[in-house]
Amino acid sequence: PLILLERALSDAYKPVLTYLYKHPEMRMHLYLPCAILEWFEQNHPEMNMLIADLVKKDQLELISGPYHQPILQVLPGKDRSGQLETTTTFLRKRFGKRARTVWFYNQVWSPSFVSSMCMGMLDRVLISPYDRLHDTIVASDPFVMQDMGKTIEVFPTDERIERLVASLGRAMIGYKEFSESLARVQFDPADCYRVVMLNLDLLLQGCALNPSLPPVAELLAQVVSRVG
């Protein structure tokens, strides 16, 4: 619904991108469905201009994904590749740089995606390391995956912070517990990578359920400060 899009724009997307613009030392990746970017183009072109400026300054790297967000496992390989290439081409033409990283929203990972990614010149994927079937973390460090001679880099995200954000967004915990739990998250100083995915929609939902929460941009800054 339009009212929800406008609220997400005013309370999440615009404040977060503005925060990034005001902190030129900061770098981040961003995934937005093409439908949102096209809506920006038609109704709020200044947002895409801001995104393009951040991309040009190398502060922001856009993440690709399936254009219509279908269930990729049921599509033939050619159609999977087409979904990814359509998004990647849209991002390149509108924002001036080809995406290298992909994220599959609400998908079950399959090694067959490797070939589809490589056909679209995508060589990195962000995935959750959590195996829901066995309730365990299966990977924490980046690794290389191959399929039919094609190679990609796989970056597992930090499930601890994702769970905290999800709990805050669903009003399962309050801000005090969120902050204290975040402060207790420990990182290995030797880590070369710390990959954290923050669901802005969940943070926005949390602010709606609990109006006493800080704004979304402040919550983002808090997590970024902790991750370092």
Side-chain angles (χ1 to χ4, degrees), residues 1 3-20 26-37 39-40 47 51 54 59-72 87 91 99 101-109 124-132 137 139-140 154-175 177-179 181-183 185 187 193-228:
I3 189 172
L4 295 182
L5 282 174
E6 292 287 356
R7 182 171 178 271
L9 171 64
S10 63
D11 292 356
Y13 304 144
K14 188 172 184 178
V16 165
L17 291 171
T18 301
Y19 178 86
L20 181 61
M26 187 177 175
R27 304 286 186 272
M28 65 181 288
H29 288 68
L30 176 68
Y31 173 79
L32 284 175
C34 285
I36 298 287
L37 295 170
W39 179 73
F40 284 167
M47 289 300 299
I51 292 173
L54 291 169
Q59 282 187 258
L60 187 68
E61 181 176 332
L62 294 173
I63 297 175
S64 186
Y67 188 81
H68 293 110
Q69 297 186 334
I71 303 300
L72 291 179
T87 300
L91 297 178
T101 305
V102 66
W103 179 58
F104 297 108
Y105 171 74
N106 206 26
Q107 303 278 347
V108 177
W109 170 258
R124 300 182 301 208
V125 62
L126 304 177
I127 64 169
S128 169
Y130 180 57
D131 181 348
R132 288 174 173 79
I137 300 297
S140 58
V154 181
F155 290 86
T157 59
D158 195 305
E159 187 73 13
R160 299 169 298 174
I161 294 181
E162 288 183 34
R163 288 187 180 185
L164 275 178
V165 169
S167 296
L168 186 69
R170 298 183 178 110
M172 297 168 62
I173 60 174
Y175 179 64
E177 184 178 350
F178 171 79
S179 297
S181 299
L182 181 64
V185 174
F187 297 98
Y193 297 95
R194 295 174 185 172
V195 184
V196 176
M197 288 284 287
L198 297 182
N199 189 320
L200 296 182
D201 291 334
L202 271 178
L203 290 178
L204 185 63
Q205 176 179 294
C207 291
L209 295 173
N210 184 359
S212 66
L213 287 180
V216 171
E218 290 186 20
L219 292 169
L220 170 72
Q222 183 177 355
V223 173
V224 169
S225 176
R226 181 67 189 91
V227 174

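Numbers here simply count residues along the sequence, with the first being 1.
A donor-acceptor pair under 3.5 Å links the side-chain atoms of Gln59 to the main chain of Leu20, judged by distance alone. Using a distance-only test at 3.5 Å, with no hydrogens or angles considered, a donor-acceptor pair links the side chain of Thr87 to the main chain of Gly65. At distances below 3.5 Å, not a single donor-acceptor pair connects side-chain atoms of Ser181 with backbone N or O atoms of Phe178.
Taking a 6.0 Å sphere around CZ of Arg170, one finds it holds 12 or fewer heavy atoms contributed by other residues, nucleotides or ligands. Applying the 6.0 Å contact sphere to CD1 of Ile3 captures no more than 12 heavy atoms from other residues, nucleotides or ligands. Within 6.0 Å of CE in Met26 there are more than 12 heavy atoms belonging to other residues, nucleotides or ligands.
In this structure, Val196 and Thr157 have side chains that are not in contact, with every pair of non-hydrogen atoms separated by 4.5 Å or more. In this structure, Ile51 and Leu37 have side chains that are in contact, with non-hydrogen atoms separated by less than 4.5 Å. Contact check for Leu126 versus Val154: no side-chain heavy atoms found under the 4.5 Å cut-off. With contacts defined as side-chain heavy-atom distances shorter than 4.5 Å, the pair Leu203/Leu213 does not qualify. Counting only heavy atoms from C-beta outward, the side chains of Val125 and Thr101 never approach each other to under 4.5 Å. For the pair Met197/Tyr31, no side-chain contact is recorded, criterion being any heavy-atom separation below 4.5 Å from C-beta on. Residues Val185 and Val227 are not in side-chain contact: their nearest non-hydrogen atoms beyond the backbone lie 4.5 Å or more apart. Side chains of Leu219 and Leu168 form a contact here, defined as non-hydrogen atoms less than 4.5 Å apart.
A side-chain donor-acceptor contact under 3.5 Å links Ser179 and Gln222.
The line from CG of Leu198 to CG of Leu30 is 11.0 Å long, rounded to the nearest 0.5 Å. Atom CG of Leu32 is separated from atom CD1 of Ile63 by 9.5 Å, given to the nearest 0.5 angstrom. From Leu9, atom CG reaches atom CH2 of Trp39 across 5.0 Å, with rounding to the nearest 0.5 Å. Rounded to the nearest 0.5 angstrom, Asn210 CG and Tyr175 OH are separated by 11.5 Å. To the nearest 0.5 Å, atom CZ of residue Arg194 and atom CZ of residue Phe187 are 6.0 Å apart. Note: Glu61 CD to Arg124 CZ = 4.5 Å, rounded to the nearest 0.5 Å.
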* Candidate pair Glu162 and Ser128, rule side-chain hydrogen bond (donor to acceptor under 3.5 Å, both in side chains), full reasoning -> CA-CA 9 Å; Glu162 288 183 34; Ser128 169; 4.8 Å; no
* Report the C-alpha separation of Leu5 and Ile36 in whole Å, then their side-chain angles, then the decisive distance to 0.1 Å, and conclude whether the side chain to side chain contact (heavy atoms under 4.5 Å, CB included) test is met. => CA-CA 8 Å; Leu5 282 174; Ile36 298 287; 3.3 Å; yes
* Asked: Where do Tyr13 and Leu200 land on the side chain to side chain contact (heavy atoms under 4.5 Å, CB included) test, with the steps shown first?
  -> CA-CA 8 Å; Tyr13 304 144; Leu200 296 182; 4.3 Å; yes
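Residues Leu72 and Pro66 share a closest heavy-atom pair of CD1-CG, 3.6 Å. Residue Leu204 comes nearest to Ala8 through the heavy atom pair CD2-CA, 3.5 Å, listed as atom of the first residue, atom of the second, then distance. Of all heavy-atom pairs between Leu209 and Gly169, the closest is CD1-O, 3.6 Å. The shortest non-hydrogen separation linking Arg7 to Ala208 is NH2-CB, 3.1 Å. Scanning all heavy atoms of the two residues, the minimum distance from Val223 to Ile161 falls at CG1-CG2, 3.9 Å. The two residues Cys207 and Val216 make their nearest non-hydrogen contact at SG-CG2, 4.0 Å.
Ion pairing between a basic and an acidic side chain is recognised when a charged N comes within 4.0 Å of a carboxylate O; Lys14 and Glu6 show no such pairing.
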